[in-house]
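Note sheet for the following structure.
All chains are named by letter (A, B, ...) in the order of the sequence lines, taking the proteins before the strands, and each is independently numbered beginning at 1.
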2 protein chains.
Amino acid sequence: MTRWGIATTSSANPARSYHHGDLRQALIDSAAQLVHEKGPAGFSLREVARRAGVSHAAPAHHFGSTKGLLTAVASAGFEHLTEAMRAAVVGVEDPAERLRRLGRAYVGVSIRFPGHVALMFRSDIVDHDDEFFAACGLEAYAELDQTLEMVREAYNPDLDVQLAGKFVWASVQGLVDLSADFGPLDEKREVATHDLGALIDGFVVLMLDGFRQRT
Amino acid sequence: MTRWGIATTSSANPARSYHHGDLRQALIDSAAQLVHEKGPAGFSLREVARRAGVSHAAPAHHFGSTKGLLTAVASAGFEHLTEAMRAAVVGVEDPAERLRRLGRAYVGVSIRFPGHVALMFRSDIVDHDDEFFAACGLEAYAELDQTLEMVREAYNPDLDVQLAGKFVWASVQGLVDLSADFGPLDEKREVATHDLGALIDGFVVLMLDGFRQRT
DNA sequence: GGTGCTATCTTGACACTGTCTAGTCAATGG
DNA sequence: CCATTGACTAGACAGTGTCAAGATAGCACC
C-alpha cells in the first residue's frame, strides 16, 4: 500500500533519535494503518501505542490527545488526496476531461482508503482548526479550483467559480459519503463501489451542462 | 423543540405499560435529546439510561445494543426530515421552486438538528440494514424522486431521474457534511450556517441548468 | 568530567464506556 | 393461585482516554 504518514504538524526535527528513533512518525504510521483497517470507529490510542511497541501514554506526549494524532493522520490523508488529484490531471488540457479525472481520482482514493476519507471529514475527532490540516485541505481544494478556472475560460466567462467549486466538491463528497456507508440512498446495493466511477462521470456531465453558458 | 422520537423499529405495542410505563419511547427521547446536545460522539448508553432514570443495562433489553438505540433515533430523524421536506413543497407546482424548497428544507433540518443528521449517515454506529430505518430513508428519498419526475416532464423528457436523484441528494448532503463540521472547504468560515440557504439556491440553479434539455 | 536540565517515555491510577451474567420483581395467562 | 414470561437491577469484566508521578537518556554548560 501507499505510504501514508508523510508529514508532521508543526515540529521541525523529525530525524532526531532519542529513545525510540522516530516515534512521532512511527505513531502516525501505526495510526494510519489502524484507521485503514478498522476505520475511525475502531481506532484506539492504546492499540496504536501497542503496535508501535511503546507504552499507552507515549502518544500523548507527541500529540497531546487522540484528536492530535488523528489530525496528523487526516492531514496525511489530504496530502495523499492532493497528490492523487494532481497526478490524475497532469498533462490533460481539456477542462471537462480534467474535471472528470479529478472526480474519479477523488472517488478512487475514497474506495482504496475509505477509513482515511471518513476520518478527514469528522470534525468531532479531528481538529479542523489545526494549521497544517487546514493547509492540506486548501491544497487539495486548490487543485479543483484551478481546473474550474479553466472551465470558466473555456465554457462560460460568467461562471461563479467559487460557487461551482463548492458545488463540485459537495457533490463528490456527498456521493462518497452516501455510498461508502451504503446509505439509504441505495439500499439495494445498486450502487456498488465499482460503479462509483461511472456515476461520477454522470455527475460531471450534469455539472458541466450546468456550468455552460446558455445560448 | 420538535418532538423527535416518533416511531419504533418493529415491535407493535408501544403503549403497554409494565414497570416504567413506556420505557422504549422514553429511551428514544432521551437518546435523541442527547444526540441533539452533544452529537453522535458525545453519546453514551449509560448517560441515556441515567436520564431516563433506569439502570445502565435497561436499554440493552429493548434495543440489544447501542447501535440498536441509535438506529431508532436515526429512523426518527429521517421521519422528521421526510415530514419537513413534504411540508416544504405542499401546494407548490413549479418543479424548480419545489427543488429549491426541498433543498432548503434539508439544509434547515441539518442546521436545526445537526446531531441527528450527522448520525443518520454514520453507518458505523447505525444499522443501515435495519428494515425500518431503510424504509424511513426511502420515504425521504421518494419525496425528492417525485419532484425530479416533475422536473423531467417540464424540462427534459430525456432526464435520467435516477442519476439526477443521486446527484441532488449527494450535492446537498455533501454541502451539509462539509459545512456542518466547518471542513477545510471553508476554513475562513465564509460559509456560515445562515448562508447555506443561499448556497443551496445557487446549487439548484446549477443543477437545473444541468438538467435542462440543450437547445 | 561532572552537573543540572529538559525531552522522552513508563507505570499506575482514575473515571468512564459497552456488554455479559445472574438475579429480582411485576404482570399476565392458564 | 401459581408458573411462566417479560422488564429491569446489580455487579463484574475488559477496554478506553487522560492525568500525575517517576525513571532514563541525551545535551549544554561550567
Side-chain angles (χ1 to χ4, degrees), chain A residues 8-31 34-35 37-74 119 122 124-127, chain B residues 8-31 34-35 37-74 119 122 124-127:
Chain A
T8 67
T9 51
S10 51
S11 313
N13 39 8
R16 288 261 299 282
S17 90
Y18 276 91
H19 300 66
H20 177 99
D22 190 2
L23 221 198
R24 183 185 176 89
Q25 190 56 48
L27 287 173
I28 294 183
D29 289 344
S30 297
L34 188 54
V35 165
E37 290 174 16
K38 307 191 181 178
F43 182 87
S44 149
L45 197 60
R46 289 173 110 104
E47 173 67 18
V48 170
R50 224 169 280 138
R51 294 189 178 201
V54 291
S55 80
H56 63 266
H61 191 263
H62 287 274
F63 299 96
S65 65
T66 308
K67 205 168 191 171
L69 177 50
L70 285 179
T71 301
V73 174
L119 172 67
R122 286 281 302 279
D124 50 342
I125 51 178
V126 167
D127 181 15
Chain B
T8 68
T9 51
S10 50
S11 314
N13 40 8
R16 290 259 300 282
S17 93
Y18 278 90
H19 300 67
H20 177 98
D22 189 1
L23 220 199
R24 185 186 174 88
Q25 191 56 48
L27 286 174
I28 294 183
D29 289 344
S30 296
L34 189 54
V35 165
E37 291 175 16
K38 307 191 181 177
F43 182 86
S44 148
L45 197 60
R46 290 173 110 104
E47 173 67 18
V48 170
R50 224 169 281 137
R51 293 190 179 201
V54 291
S55 81
H56 63 266
H61 191 263
H62 287 274
F63 299 97
S65 65
T66 308
K67 205 168 190 170
L69 177 51
L70 285 179
T71 301
V73 174
L119 172 67
R122 284 283 302 276
D124 51 341
I125 51 177
V126 167
D127 181 16

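Applying the salt bridge (Lys or Arg N to Asp or Glu O under 4.0 Å) criterion to A/Arg51, with sequence neighbours excluded, gives A/Glu37, A/Glu47.
The separation between A/Ile125 atom CD1 and D/dT18 atom P is 12 Å, rounded to whole Å. Taking atom NE2 of residue A/His61 and atom P of nucleotide D/dA23, one finds them 17 Å apart after rounding to whole Å. Rounded to a whole Å, the NZ atom of A/Lys38 is 12 Å from the C1' atom of D/dG15. Separating the CG atom of A/Leu23 from the P atom of C/dC9 is a distance of 4 Å, rounded to the nearest angstrom. Nucleotide C/dT6 holds its C1' atom 14 Å from the NE2 atom of A/His62, rounded to whole Å.
Between A/Val48 and A/Ala31, the shortest heavy-atom contact is CG2-CA, 3.9 Å. Closest approach of B/Leu119 to B/Leu70, counting heavy atoms only: CD2-O, 3.8 Å. Taking every heavy atom of both residues into account, A/Ala41 and B/Asp124 meet most closely at CB-OD2, 3.4 Å.
In this structure, A/Ile125 CD1 and A/Leu69 CG are separated by 11.0 Å, a value rounded to the nearest 0.5 Å.
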Which nucleotides of nucleotides 11-19 of chain C have their base under 4.0 Å from a protein heavy atom (B), which only their sugar-phosphate (S), and which neither (-), written as one string 5' to 3'? BBB---SBB
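Evaluation of the side-chain hydrogen bond (donor to acceptor under 3.5 Å, both in side chains) test over residues 52-69 of chain B, restricted to residues two or more places apart or in two chains, returns none.
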